[in-house]
Amino acid sequence: MISRIAFWLRPRLADPHAVALRQLCIAGTYALSLLLLLIPGLQAESALLVVLSAVMVLAATVAALTLPLQHRPRWALLAIPFTDLLAVGVIRGTTGGSASVYGSLLVLTVLSLAIERGRLPLLLTAIGCVLVIGTPLLLTHQHLPGAAWVRVAFTPATLVLTALTIGVLTNRLRSRIRAVQRLSRGQERLLETERQMAAATEAQAALLRESVEQLDGVVRAITEQFIIATDADGRIEVFNPGAEKMLGVSSDRVLGADFVAALAPVIAFGSRAFDELVAAVLDEEADVGEWRFTRSDRSTGTVEISVTPRRNATDAVIGFLFVGTDVSHAREESRQKDEFVNLISHELRTPLSSILGYLELISDDEDNPLSDDQRQYLATVERNAHRLLRLVGDLLFTAQVEAGKFNLNRQPVDLREVTAAAVESARPAAAAQGVRLVLAAGDAPVTVNGDEVRLGQACDNLLSNAVKFTPAGGEVAVELATLTDKYDDAAGRRVRLSVRDTGFGIPAAELDRLFSRFFRASTATVNAVPGVGLGLTITRAIAQAHGGGIAVSSTEGEGTTFTIELPAVDVGSSLTGR
Amino acid sequence: MNEPRSSGYRVLVVDDDPDQLALLDTYLSRAGCVVTTAASGELAVVAMQHPLDLAIIDLLLPGMGGAEVVAALRSRQPACRIVVTSVLDADEYPPADAELPKPFTRGQVLALLPAVPTADGSR
């Protein structure tokens with residue numbers, strides 16, 4: 001029962017205005033004060049008025065406890081303590097008026113009234129006090145001495161001042177409380193903002209962690225290439241599992257160590273220092289090369305490596321990145337292929353030697369001369385054997401070119417002689433095809449430092465192509481000239497050899513593949529031009545080996561011009577400069 | 001012509017290919033040389049025990065290689081002229097007194113022999 005009452009009371013007591021609480025205090029004090037009536041000598045004149053007073057207090061208490069907490073109108077809040085004030089006035093009046101002990105209870109009710117906000121409570125206090133004090137005096141119909149009227153004014157005035165003081169004090173208290181509440185709300189907002197910022201920071205940190213892990217995961221997943229990053233001085237910062245696997249070195253042994261020092265046992269740097277290895281990339285952005293390396297099982301291999309610089313936001317170099325791919329297989333296959341071609345070529349030459357040798361024996365046998373027909377047939381056999389021999393030689397040469405090893409026998413060579421010889425040897429075939437040959441070599445010597453045999457081979461190739469690609473009635477013109485560059489010194493002068501024909505031409509789309517091994521232009525097959533597609537590969541290799549190059553221009557149906565340019569050399573200048 | 005040019009000129013021919021061996025033998029014999037043939041480096045070393053004026057040695061031999069034969073002959077008979085022959089390119093030959101790249105012609109073989117003036121002064 002008591003707990004149920006407490007449960008019902010608690011929310012009402014929690015109300016900020018504390019009306020119910022105040023009212024209960026007043027009611028309780030009033031109820032206790034009624035006990036004073038039991039004291040003999042303290043009598044109420046009218047029991048009816050006492051009851052009226054008690055009823056008023058009771059009504060006020062009930063009202064305080066039952067009014068809805070949220071929407072209490074102002075007048076209700078004021079009416080309750082005002083009713084108490086009047087009730088105390090009533091019981092004071094019946095217990096002796098100004099001599100009554102209940103006079104002091106007035107203070108309690110005034111307190112309750114004064115706590116309410118605004119000026120109205122003061123007014124009510126004034127009215128109430130005047131009523132309470134003045135009414136008994138009026139009702140006794142006495143001729144009041146002047147001093148009594150002072151009491152009517154003075155006591156209420158004091159009480160009003162008291163109410164005013166209390167009002168001011170409670171207002172100040174209220175505004176302080178409001179300020180504190182504002183600060184507290186502000187603080188809560190700040191806390192909330194801070195919490196949100198912390199959450200955002202955490203989310204960003206999580207994203208960063210994730211992206212670092214992802215990148216790390218990618219680098220770690222690369223196991224077939226090595227990725228080694230160093231700082232600007234060559235200390236290793238990143239050494240991926242691919243590097244561990246390929247080089248057989250674990251990353252914790254090399255992280256922080258010097259690149260060259262740590263890896264010299266497994267990579268053949270030659271005697272180059274780190275600065276030399278990276279010098280090339282400081283100007284350009286990447287350098288690609290090949291290094292020999294040793295695996296953990298002591299086998300050696302070749303790695304194709306690209307070096308790139310790492311730059312920061314201000315474009316300064318902060319380190320280097322070495323990415324390497326094991327190309328040993330490809331290199332090995334390529335080497336084996338070239339070895340194979342080498343072997344085959346030599347194997348083919350052996351039986352050809354015997355074929356040609358014994359053909360010669362038959363043809364030159366004075367004891368057994370041949371008939372004309374036999375001689376002709378044998379000539380055909382010999383011609384074809386020579387053709388085979390030339391093909392083998394070309395194959396072998398291209399294999400050597402691919403492997404990067406063929407030697408030049410360099411001497412000063414006058415290209416006028418070389419071109420003249422080539423034109424002469426091409427004349428029979430040209431005549432047979434009805435193609436005119438023209439040579440314009442000029443009067444001055446055109447000298448290069450080169451291999452006469454190979455240069456002759458290049459000219460032969462170009463001439464024979466030109467003749468083959470030109471129909472009857474056409475012309476092949478060979479031109480030789482020395483170009484003078486604006487620099488006009490020996491290092492800048494070049495020699496140009498061009499072979500121009502009026503033949504079938506080559507489609508523009510095929511021009512860039514023209515020099516690749518075994519490539520034949522479509523116009524060749526269309527026009528049944530014999531050949532296997534090695535001549536231009538060889539010619540280009542020869543031009544490049546001499547420090548020059550070859551270019552082609554062509555118009556289908558009109559003709560083709562091949563131009564070789566080589567560095568010139570002064571007649572009589574020493575060879576040591578080249 | 002078929003005149004013996006170098007009668008009695010002692011020549012050793014070393015080649016594992018029987019056809020080439022026979023070809024060189026034919027050319028040299030018809031020119032009047034005394035020809036000894038050896039089909040391997042080991043047999044060549046045996047032949048070196050007799051005096052020789054000229055040796056034509058093929059480089060690609062089974063077992064003991066042509067270069068080794070050249071070295072062996074030089075040490076045994078320093079006066080003998082050595083000619084190296086092969087299908088390989090000439091720039092891969094070890095140093096010798098002359099080279100005979102294959103395929104060769106009869107004229108090239110005969111040019112290796114010392115000139116013997118004929119009655120009318122022509123070679």
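Naming: A, B, ... by sequence-line order, numbering from 1 per chain. Worth knowing before you read on, the calculation uses all heavy atoms, side chains too, and leaves out hydrogens, waters and symmetry mates.
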Query raised in the report: If you take all heavy atoms of A/Ser353 and B/Pro103, which pair is closest and at what distance?
Result: CA-CB, 3.4 Å
Query raised in the report: Salt bridge or not for A/Asp364 and B/Arg30, using N-O below 4.0 Å?
Result: no
**Report entry** Partner chain B: residue of A/Val392, A/Leu348, A/Leu361, A/Asn409 with the largest heavy-atom pair count (under 4.5 Å)
**Finding:** A/Leu361
Query - Sub-4.5 Å side-chain heavy-atom contact between B/Phe104 and A/Leu356 - result: no
Query raised in the report: Do A/Glu360 and B/Thr105 have a side chain donor and acceptor closer than 3.5 Å?
Result: no
Report task. Go through the atoms of B/Asp17 and report whether side chain, backbone, both or neither lie under 4.5 Å from a heavy atom of chain A. Result -> side chain
Query raised in the report: Contact part of B/Ser86 toward chain A, heavy-atom cut-off under 4.5 Å: side chain, backbone, both or neither?
Result: neither
Query raised in the report: In this structure, are over 12 heavy atoms from other groups packed under 6.0 Å from A/Phe340 atom CZ?
Result: no
Report summary line: Closest non-hydrogen atoms of A/Arg349 and B/Leu88, given as atom of the first, atom of the second and distance, are NH1-C, 4.2 Å
Query raised in the report: Which heavy-atom pair separates B/Tyr27 from A/Gly357 by the least distance, and what is that distance?
Result: OH-O, 3.4 Å
Query raised in the report: In terms of heavy-atom proximity below 4.5 Å to chain B, should A/Leu389 be classed as side chain, backbone, both, or neither?
Result: side chain
Query raised in the report: For A/Asp365, does the CG atom have more than 12 heavy-atom neighbours from other residues, nucleotides or ligands under 6.0 Å away?
Result: yes
Query - Minimum side-chain heavy-atom gap B/Asp89-A/Leu396 below 4.5 Å - result: yes
**Report entry** Distance (rounded to the nearest 0.5 Å) between B/Lys102 NZ and A/Ser354 OG
**Finding:** 7.5 Å
